[in-house]
Chemist: 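One structure is given below, represented as structure tokens, and several questions about it will come after.
Chain naming here is simple, since letters A, B, ... match the order of the sequence lines and numbering starts at 1 in each. Quick note: numbers below take in every heavy atom, side chains included, and nothing from hydrogens, waters or symmetry partners.
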Amino acid sequence: MLDLKKYGVTMWEEEKIKSFRKALLDWYDANKRDLPWRRTRDPYAIWVSEIMLQQTRVDTVIPYYERFLHHLPTIRDLAVAEEEVILKLWEGLGYYSRVRNMQKAAQQMVEQFDGQFPRTYEEIASLKGIGPYTAGAIASIAFDLPEPAVDGNVMRVLSRLFEVNHDIGVPANRKIFQGMMDILIDPDRPGDFNQALMDLGSDIEAPVNPRPEDSPVKAFSAAYLNGTMGKYPIKAPKKKPVPVAYQGMIIRNQHNEFLLEKNQSSQLLAGFWSFPLLEKGAVLDKQVSLFEVAEEPVQPDTRQSFTDQYGLIVDWQDEEFSPVQHIFSHRKWLIDLTEGIATAGSLPADRELKWVAVVDFHSYPFAKPQQKMWESYLATKNKK
DNA sequence: TAACCGTGGGT
DNA sequence: TACCCAAGGTT
């Protein structure tokens, strides 16, 4: 048992804990949202929802959740699905390693658990892509096990309830909140208790513009009672994404097919298809703007580099396209576009390249930057 | 531990 | 525009 006092947290007496559970669950019973994954006890479906909800909003998830279960209704369906199928089902959701790991976990379940979802916390946590939060969520929601599910919402709510003076963004501090939840969690309704805290944290106790007056547990909240709501949770600011400039190559051949390349597993957006991208230079200075990137003319050595790497003789066009910007969590891409018509040459064997007609684009997984590149290209072409 | 890994919504 | 944020996990 974690010594909470060591971290400046004074846990409540047993009577207060029971009173808190009742206040929270009564509120949840009256106010819980009617979400698709709350209409099932199928651990597979609950798992799908939990993975999709990682760092992703409920409204975004709902249509993806329905479509995913429609196409892959069981663990075994997921285990044997083609990579391009699962990527298409996840296309647009982001953090694509989530669905790759889900497939690995499904294969684990087929091999180790006879295709059944495991029913203990330890076994659930042994699955690829399932960390302590998700293991606790599935264990409590699908199997009624008294396991905490400590996510960002729970840490924020607990920070305010107990005035926790530890940064919730520091992984090592997670154990503090886990220790608090080990004591607080309702042993009779662990799944509802966990979900109630998350519902509370996602709306009334939101990170921005919270409405603490509306909280069903404001009488329990040290921060509310002491007027220190603005101080909690303690969290260090995030780092800015690093800007990188690319030359995007929209290359077509004489059959009006476009050159696409599959990103390798070590690359960002692994498994997705892209128009060739050549890095324009070293990491840019923070001050450089997208406008400046676009103003810079395509360098002859960039074109030569393309020919060297892709083995194509290209008739470069001088049409201008709007540059593309895309911001990831940790990187900011600035893409200048240029068009070329391949007239001769042969593609290298050490890259995954294909000539693809526009009518076949829909069967290739395309991430957002590539969609933006295509939209920019079409926008100029359609003006004529 | 800190970096990596997407995208869209809100202010 | 710029910045913050979202039911995290892996390496």
Side-chain angles (χ1 to χ4, degrees), chain A residues 32-33 35-38 46-65 87 90-102 104-105 124-138 140-141 148-157 167-174 177-178 181 191 193-203 205-210 233 235-244 263 265-272 286-287 289-291 325-333 365-372:
Chain A
K32 69 177 177 185
R33 286 173 291 176
L35 301 170
W37 43 90
R38 288 181 177 170
I46 291 168
W47 173 47
V48 170
S49 77
E50 287 299 338
I51 301 297
M52 285 187 172
L53 285 164
Q54 289 172 3
Q55 304 294 294
T56 309
R57 288 182 156 70
V58 166
D59 290 345
T60 303
V61 164
I62 290 173
Y64 281 91
Y65 170 84
L87 288 183
W90 215 267
E91 184 183 88
L93 260 188
Y95 287 143
Y96 300 100
S97 66
R98 290 184 289 177
V99 73
R100 301 173 180 288
N101 286 335
M102 280 188 81
K104 290 175 189 161
I124 294 169
S126 76
L127 297 169
K128 198 76 177 170
I130 297 187
Y133 161 74
T134 306
I138 296 171
S140 64
I141 297 169
V150 178
D151 72 334
N153 287 313
V154 170
M155 288 193 284
R156 182 170 57 257
V157 172
D167 190 329
I168 67 170
V170 174
N173 289 336
R174 193 181 170 286
F177 300 94
Q178 181 84 25
M181 283 294 282
F193 186 85
N194 284 333
Q195 292 184 86
L197 274 185
M198 290 191 279
D199 267 21
L200 184 63
S202 69
D203 182 24
E205 290 272 16
V208 292
N209 299 332
K235 192 176 183 192
K238 288 181 179 171
K239 291 175 181 173
K240 288 183 184 177
V242 177
V244 187
N263 296 331
S265 57
S266 62
Q267 294 178 292
L268 187 56
L269 302 174
F272 282 81
K286 283 181 183 172
Q287 304 302 323
S289 71
L290 184 56
F291 180 75
Q325 173 175 314
H326 188 77
I327 301 172
F328 299 95
S329 311
H330 61 302
R331 203 164 300 180
K332 177 177 180 176
W333 280 8
F366 255 37
K368 207 66 193 175
Q370 286 72 36
Q371 292 181 11
K372 289 179 182 175

Chemist: Checking A:Met102 against A:Val48 for the side-chain contact (heavy atoms from CB on, under 4.5 Å) test, could you report, in this order, the C-alpha distance in whole Å, the side-chain angles of both residues, the deciding distance, and whether it holds?
Modeler: CA-CA 8 Å; A:Met102 280 188 81; A:Val48 170; 3.7 Å; yes
Chemist: Taking atom P of B:dT7 as reference, at what distance in whole Å does atom CZ of A:Phe272 sit?
Modeler: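 These atoms are roughly 7 Å apart.
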Chemist: Quickly work out the A:Gln325 CD to B:dT7 C1' distance and round it to whole Å.
Modeler: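 Spelled out: CD on A:Gln325 to C1' on B:dT7 is 14 Å.
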Chemist: Between A:Gln178 (side chain only) and A:Pro148 (backbone N and O only), is there a donor and an acceptor less than 3.5 Å apart?
Modeler: no
Chemist: Between A:Leu53 and A:Val58, is the side-chain contact (heavy atoms from CB on, under 4.5 Å) condition met? List the steps.
Modeler: CA-CA 7 Å; A:Leu53 285 164; A:Val58 166; 3.9 Å; yes
Chemist: Is the shortest heavy-atom distance from the side chain of A:Gln267 to the side chain of A:Phe272 under 4.5 Å?
Modeler: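 Contact flag for A:Gln267/A:Phe272 side chains = no.
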Chemist: Does A:Arg331 place a side-chain N or O at less than 4.0 Å from the phosphate oxygens OP1/OP2 of B:dC5?
Modeler: yes
Chemist: Test A:Trp47 against every option in A:Leu127, A:Ile138, A:Ile124, A:Ile141 by the side chain to side chain contact (heavy atoms under 4.5 Å, CB included) rule and name the one that passes.
Modeler: A:Ile138
Chemist: Students often get this wrong, so: under 4.0 angstrom with heavy atoms, is A:Pro369 touching a base, only sugar-phosphate, or nothing?
Modeler: sugar-phosphate
Chemist: Tell me whether A:Arg331 contacts the main-chain N or O of A:Val244 through its side chain, where contact means a donor paired with an acceptor under 3.5 Å.
Modeler: no
Chemist: Salt bridge or not between A:Asp199 and A:Lys32? Use side-chain N to carboxylate O under 4.0 Å.
Modeler: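 No, this pair does not count.
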Chemist: Would you mind reading off the distance between A:Tyr64 atom OH and C:dA6 atom P, rounded to a whole angstrom?
Modeler: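 Interatomic distance, OH of A:Tyr64 to P of C:dA6: 20 Å.
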Chemist: Quick one: the dot-bracket string of DNA chain B, using Watson-Crick and G-U wobble pairs with both distances under 3.5 Å, [ ] for crossing pairs and | for bases paired to another strand.
Modeler: .||||.|||||
Chemist: Check every atom of C:dA6, C:dC4, C:dG8 against the side chain of A:Lys235 and return the nucleotide holding the closest atom.
Modeler: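 Selected nucleotide: C:dA6.
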Chemist: With no hydrogens and no angle check, is any side-chain donor or acceptor of A:Ser49 less than 3.5 Å from a backbone partner on A:Ile46?
Modeler: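 Yes; judged by distance alone, with no hydrogens or angles, the pair exists.
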Chemist: Would you say A:Arg98's side chain and A:Gln54's backbone share a donor-acceptor pair under 3.5 angstrom?
Modeler: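 Flag set: sc A:Arg98 to bb A:Gln54 pair under 3.5 Å.
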Chemist: So, is A:His326 near the phosphate of B:dG6, with a side-chain N or O under 4.0 Å from OP1 or OP2?
Modeler: no
Chemist: Judged by atom type as modelled, is there a donor-acceptor pair below 3.5 Å linking the side chain of A:Tyr64 to the main-chain atoms of A:Glu91?
Modeler: yes
Chemist: Scan A:Gly152 against the nucleic acid and name what it touches under 4.0 Å (heavy atoms): base, sugar-phosphate only, or nothing.
Modeler: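 The answer is sugar-phosphate, as A:Gly152 gets under 4.0 Å only of primed atoms, P, OP1 or OP2.
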Chemist: Please state whether the rings of A:His330 and A:Phe328 are parallel, tilted or perpendicular, taking 30° and 60° as the class boundaries.
Modeler: tilted
Chemist: Report which part of the nucleic acid A:Leu268 touches: base, sugar-phosphate, or nothing (heavy-atom distance under 4.0 Å, all strands).
Modeler: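 Answer is sugar-phosphate: A:Leu268 comes under 4.0 Å of backbone atoms only.
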Chemist: Round to a whole Å and report the spacing from CG of A:Leu269 to P of B:dC5.
Modeler: 9 Å
Chemist: Mind checking A:Ile46 for me? I need base, sugar-phosphate or nothing, with any heavy atom below 4.0 Å counting as a touch.
Modeler: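 Since no nucleic acid heavy atom lies under 4.0 Å of A:Ile46, the category is nothing.
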Chemist: Looking only at N and O atoms, is any donor in the side chain of A:Thr56 or the base of B:dG6 less than 3.5 Å from an acceptor on the other one?
Modeler: yes
Chemist: Consider the side chain of A:Gln55, meaning its heavy atoms from C-beta on, and name the nucleotide among B:dG6, B:dC5, B:dT1 that approaches it most closely.
Modeler: B:dG6
Chemist: Sequence neighbours excluded, which residues qualify as side-chain hydrogen bond (donor to acceptor under 3.5 Å, both in side chains) partners of A:Asp167?
Modeler: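 Partners of A:Asp167 by the side-chain hydrogen bond (donor to acceptor under 3.5 Å, both in side chains) criterion come out as none, since no residue qualifies.
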Chemist: Measure the distance from CD on A:Glu205 to P on C:dC5 and round it to the nearest whole Å.
Modeler: 15 Å
Chemist: Considering heavy-atom distances to DNA chain B, does A:Ala172 or A:Ala367 have its closest nucleotide positioned more toward the 5' end?
Modeler: A:Ala172
Chemist: With a cut-off of less than 4.0 Å, is there a side-chain N or O of A:Tyr95 near OP1 or OP2 of C:dA6?
Modeler: no
Chemist: For A:Arg156, report the nucleic acid contact type (base, sugar-phosphate, nothing); a contact means any heavy atom under 4.0 Å.
Modeler: sugar-phosphate
Chemist: Does B:dG8 have OP1 or OP2 sitting under 4.0 Å from an N or O in the side chain of A:Lys368?
Modeler: yes
Chemist: It should be established whether A:Lys239 places a side-chain nitrogen or oxygen under 4.0 Å from OP1 or OP2 of nucleotide B:dA3.
Modeler: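 Yes, A:Lys239 has a side-chain N/O under 4.0 Å of OP1/OP2 on B:dA3.
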Chemist: Rounding to an integer number of Å, can you tell me how far A:Arg98 CZ sits from C:dA6 C1'?
Modeler: 10 Å
Chemist: Reckon A:Trp90 touches a base, only the sugar-phosphate, or nothing at all at heavy-atom distances under 4.0 Å?
Modeler: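 Answer is nothing: A:Trp90 stays at 4.0 Å or more from every strand.
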Chemist: A:Lys240 NZ to C:dC5 P: how many Å, rounded?
Modeler: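 So the NZ-P distance, A:Lys240 to C:dC5, works out to 14 Å.
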Chemist: How many Å lie between CZ on A:Arg33 and P on C:dA6, as a whole number?
Modeler: 13 Å
Chemist: Restricting to nitrogen or oxygen on both sides, can you table the protein-nucleotides 9-11 of chain B pairs closer than 3.5 Å?
Modeler:
none

Chemist: Output all residues satisfying side-chain hydrogen bond (donor to acceptor under 3.5 Å, both in side chains) with A:Gln55, sequence neighbours left out; order by chain, then residue number.
Modeler: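 By the side-chain hydrogen bond (donor to acceptor under 3.5 Å, both in side chains) rule, A:Gln55 matches no residue at all.
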Chemist: Taking side-chain contact (heavy atoms from CB on, under 4.5 Å) as the test, write out the residues that go with A:Ser140, two or more places apart.
Modeler: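 Testing A:Ser140 for side-chain contact (heavy atoms from CB on, under 4.5 Å), a comparison that skips the adjacent residues, returns A:Pro190, A:Asn194.
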Chemist: Which protein N or O atoms sit under 3.5 Å from an N or O of nucleotides 9-11 of chain C?
Modeler:
residue : atom : partner  : partner atom : Å
C:dG9   : OP1  : A:Gly131 : N            : 2.9
C:dG9   : OP1  : A:Gly131 : O            : 3.3
C:dG9   : OP1  : A:Thr134 : N            : 3.1
C:dG9   : OP1  : A:Thr134 : OG1          : 2.9
C:dT10  : OP1  : A:Gly129 : N            : 2.7
C:dT11  : OP2  : A:Lys128 : NZ           : 3.4

Chemist: Between B:dG8 and C:dG9, how far apart are the P atoms? Round to whole Å, please.
Modeler: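 Comparing P positions in C:dG9 and B:dG8 gives a spacing of 23 Å.
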Chemist: Just to confirm, is there a sub-4.0 Å distance from OP1 or OP2 of B:dC4 to any side-chain nitrogen or oxygen of A:His330?
Modeler: no
